Amino acid sequence: MKEVWTTMASIMGVWAFGQSLLHTVFPPELRFASLKLFHRLFSYFSSYCYYDITEIDGVNTNELYNAVQLYLSSSASISGTRLSLTRGLNSSSITFGLSNNDRLIDSFKGATVEWEHVVTQRQSQTFSWRPLPEEKRGFTLRVRKKNKHLVLNSYLDFVMDKANDLRRKNQDRLLYTNSRGGSLDSRGHPWESVPFKHPSTFDTLAMDPAKKAEIMADLLDFANGEAFYQKTGRAWKRGYLLYGPPGTGKSSMIAAMANFLGYDIYDLELTEVNTNSELRKLLMKTSSKSIIVIEDIDCSINLTNRNKGGGRKNNSYDVASPPGASGGDDCPNTITLSGLLNFTDGLWSCCGSERIFVFTTNHIEKLDSALLRSGRMDMHIHMSYCSLPALNILLKNYLGYEETDLEREAVEEFAAVIDPAEMTPADISEVLIKNRRNKSKAVAELLDALKIRAEKSRLKKLGLKMVEEEEQEKRALDEGSEQLQENINKIADDGKMQQI
Ligand SMILES: Nc1ncnc2c1ncn2[C@@H]1O[C@H](COP(=O)(O)OP(=O)(O)OP(=O)(O)O)[C@@H](O)[C@H]1O
Ligand SMILES: [Mg+2]
């Protein structure tokens, strides 16, 4: 023990001597340069190189930092002895992480690397466009120089891929929203996220099975199509337009798509976005393997006909301007249709990859043809009123009924009224939920509701037809009396001419 203390004392002595020598031999102005030189010499002779991966890279969040954190959380959970545990708000999983200034050894293709989590207190901020976190966090990766190329060329990509897989497998998918408009939070994100836990799947979605199968096949084809998109020079993205009356399952379909592919959802609230550049910023901050959704596109963007714009230039449209507000190109607080189209189609839409755009609307007829033209939205999906096959799915989901469980008469009665009733799956679900503990009552009540609705829509159609016929008759009468008046005028004119 005594020897150890003696050695320590001599090391301290040498250190103090070195310090005083440095102070005496080198004047203050040379001291910094000489330290730098020592450092260079040390690095030159050292067999290691070091890479710093800071949490914030300039003003943006460093994706690599997040990926490393997640990647190490899987190794840390097995090998670490002192770990930091975190559980995100509303999240169902616990994430392990390296404690502050702790280290972890990892190996890749025979090379050993060392990760250190470095946390330091940030110096008091002088001036910054946005508040930065108080702690400065980062990872330092120590690698043998001979493995440098392996690490830079493959290991970091491997870490990124593994982190993405881990997030999809272990963590809840995320639902992002831009409720702050385009402004950034302290970590440089314009999006706020919550874990996404919507239970809708393609199994629970009531719609025509053939159409459902077609959509699922299309989604799978897209998700597995990296090589195809690369080969054909197309951006790896796909657009779906979901249209149909309220309550036919458009939002449920989006949730089912996300659950099917394991993608995050970015729910873009267009009315919160003020300018095209904000829109672009939001797009740049979305990750791959995600669905970018604009719900009720006809309500968030005023899509009047291009040619009716009066003094408006090119493709410019007000977005979410309050009724009566003039907006226009000279108003800075507008985004334009061309901005939106660039968002989905232009060069910017290709930053990142494997992204799906979904627009929904209740009124497809209100959309500009520019949004509908082929190639813009790859698939138009009509979510319609409940059909017989869709009803069978709802009966199975809510009451546990298989198709064969229903009496033949009941099936026939349902078949006779389901289409004319024009009831949405949401309406039908309501009746079934209410009576789910009493199956026969549920079926009887649903049948009654369908019959009433069918009768109502028959009468409505009849009424509409009568009104139409009446209007036609009136039009014919008006045209007849106009013609008669013209003839009388002509005869009167002819009479005058003869008198003259
Ligand atoms: N096709 C469907 N299959 C299963 N459930 C459905 C379907 N359509 C509607 N529902 C039920 O009705 C509710 C409302 O549906 P959803 O929000 O998906 O409709 P929507 O078409 O998005 O309506 P809106 O146009 O008003 O946004 C859902 O919670 C779901 O329970
Ligand atoms: Mg909806």
Side-chain angles (χ1 to χ4, degrees), residues 173 175-179 194 196-216 218-219 239-261 263 265-272 291-301 303 320 356-367 371 377 379-403 414 418-419 421-436 442-443 445-446 449-450 453:
R173 273 179 302 292
L175 171 64
Y176 292 89
T177 164
N178 62 313
S179 50
V194 288
F196 177 68
K197 290 180 175 171
H198 201 298
S200 173
T201 62
F202 276 106
D203 285 338
T204 63
L205 205 60
M207 65 186 294
D208 180 35
K211 206 154 105 185
K212 196 192 284 190
E214 189 193 343
I215 296 166
M216 288 168 78
D218 193 77
L219 287 168
Y240 297 89
L241 174 73
L242 308 183
Y243 66 98
T248 47
K250 296 180 291 300
S251 305
S252 310
M253 163 73 87
I254 295 168
M257 283 175 164
N259 287 331
F260 181 57
L261 294 177
Y263 285 8
I265 294 186
Y266 288 86
D267 187 7
L268 177 64
E269 187 53 66
L270 263 194
T271 50
E272 295 286 334
I291 303 182
I292 300 166
V293 179
I294 304 182
E295 289 250 46
D296 299 318
I297 179 94
D298 54 302
C299 304
S300 18
I301 180 161
L303 296 175
I356 291 178
F357 290 90
V358 181
F359 292 175
T360 75
T361 178
N362 295 335
H363 302 283
I364 192 169
E365 70 286 352
K366 284 193 192 167
L367 298 187
L371 261 176
M377 289 281 119
M379 211 174 180
H380 292 190
I381 302 170
H382 183 207
M383 302 299 288
S384 53
Y385 293 114
C386 197
S387 60
L388 195 61
L391 176 67
N392 284 330
I393 296 172
L394 289 178
L395 288 174
K396 186 175 170 208
N397 290 344
Y398 286 80
L399 306 179
Y401 266 134
E402 291 299 333
E403 246 171 274
F414 275 127
I418 188 81
D419 289 334
E422 295 191 338
M423 265 177 96
T424 61
D427 294 335
I428 292 179
S429 312
E430 278 307 306
V431 180
L432 296 179
I433 288 173
K434 208 168 57 184
N435 302 299
R436 67 185 184 282
V443 170
E445 213 164 280
L446 179 60
L450 284 167
R453 287 288 288 267

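Just so it is clear, the structure is predicted and the values come from calculations on it, not from any experiment. Just so you know, these numbers use all the heavy atoms, side chains as well, and skip hydrogens, waters and symmetry mates. Whatever order the structure lists them in is the order used to number ligands and atoms, beginning at 1.
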**Message:** Just to verify, what does Glu422 make a salt bridge (charged side-chain N to carboxylate O under 4.0 Å, His left out) with, not counting sequence neighbours?
**Reply:** Lys461
**Request:** Could you pull out all residues at least two apart from Glu445 that satisfy side chain to side chain contact (heavy atoms under 4.5 Å, CB included)?
**Result:** Val431, Lys434, Asn435, Lys441
**Complete:** Contacts of Thr361 meeting side chain to side chain contact (heavy atoms under 4.5 Å, CB included) (sequence neighbours excluded), chain-then-number -> Leu241, Tyr243, Ile297, Asp298, His363, Ile364, Leu367
Tell me the protein heavy atom at minimum distance from [atom], and give that distance in Å.
{"atom": "atom 26 (O) of ligand 1", "answer": "Pro246 CB, 3.5 Å"}
{"atom": "atom 6 (C) of ligand 1", "answer": "Pro425 CB, 3.9 Å"}
{"atom": "atom 29 (O) of ligand 1", "answer": "Ser252 OG, 4.5 Å"}
{"atom": "atom 3 (N) of ligand 1", "answer": "Ala206 N, 2.7 Å"}
{"atom": "atom 31 (O) of ligand 1", "answer": "Tyr398 OH, 3.9 Å"}

**Location of contacts on Thr424 toward ligand 1, heavy atoms closer than 4.0 Å** = neither
**Complete:** Taken by chain and residue number, the protein N/O/S atoms under 2.8 Å from the Mg ion (ligand 2) read Ser251 OG
**Request:** Would you check whether Gly247 has a nitrogen or oxygen atom less than 3.5 angstrom from a nitrogen or oxygen atom of ligand 1?
**Result:** yes
**Item:** Any N/O pair Leu205/ligand 1 closer than 3.5 Å
**Value:** no
